[in-house]
Asker: 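Below is a structure I'd like to ask you about.
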Amino acid sequence: MTKIDKNVIEAAEDLGCSRTNVIRKVIFPLSLPGIYSGVTMVFVPSVSTFIISRLLSGSTIGLIGDLIESEFLGTVYNPYVGSALSLVLMVIVMIIMGIFNQFSGEDNVI
């Protein structure tokens, strides 16, 4: 948001926008790419770096990565369930990235 040109905000105010409308119609749409990349940068590691959550929480908090790992390496060896969970997780990530690409306004392809 710091890189938004102050002249754009000033022009919106000069054209009669209230502070609420400036935030809603100028600042928020211009900051959406940063919000999308921030969500992506938080979501992807939370899916993949499950060992960090185990080390920090003492195995009290389980993420989807923990569940997938326990299906492959845990006491209950069930690679079919682990593979199905991995596929479901991949589909969810692809859907979320597709939604982000729809709203980004760019011609990005997954």
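These figures come from a predicted structure and were not determined experimentally.
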Asker: In this structure, would Val76 and Leu67 fall into the same cluster of hydrophobic residues linked by side-chain contacts under 4.5 Å?
Answerer: no
Asker: Less than 4.5 Å apart, any side-chain heavy atom of Lys25 and any of Thr20?
Answerer: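 They are not in side-chain contact.
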Asker: Using 0.5 Å steps for rounding, measure from the CD1 atom of Ile23 to the OG atom of Ser18.
Answerer: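 Answer rounded to 0.5 Å: 8.5 Å.
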Asker: Does any non-hydrogen side-chain atom of Leu87 lie less than 4.5 Å from one of Met90?
Answerer: yes
Asker: Please say yes or no: joined through hydrophobic side-chain contacts below 4.5 Å, possibly via intermediate residues, are Leu89 and Tyr80 part of one cluster?
Answerer: no
Asker: Output the distance between atom CD1 (Ile99) and atom CE (Met94), rounded to the nearest 0.5 Å.
Answerer: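 Answer for the CD1-CE pair, Ile99 versus Met94, is 12.5 Å.
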Asker: State the CG-CG distance between Leu85 and Asn78, to the nearest 0.5 angstrom.
Answerer: 9.5 Å
Asker: Determine the minimum heavy-atom distance between Phe72 and Tyr77, stating which atoms define it.
Answerer: O-CD1, 3.2 Å
Asker: Rounded to the nearest 0.5 Å, how far apart are CD1 of Ile27 and CZ of Arg19?
Answerer: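 Interatomic distance, Ile27 CD1 to Arg19 CZ, rounded to 0.5 Å: 6.5 Å.
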Asker: Indicate the atoms forming the closest heavy-atom contact of Arg24 with Pro29, along with that distance.
Answerer: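 Reported closest heavy-atom pair: O-CD, 3.4 Å.
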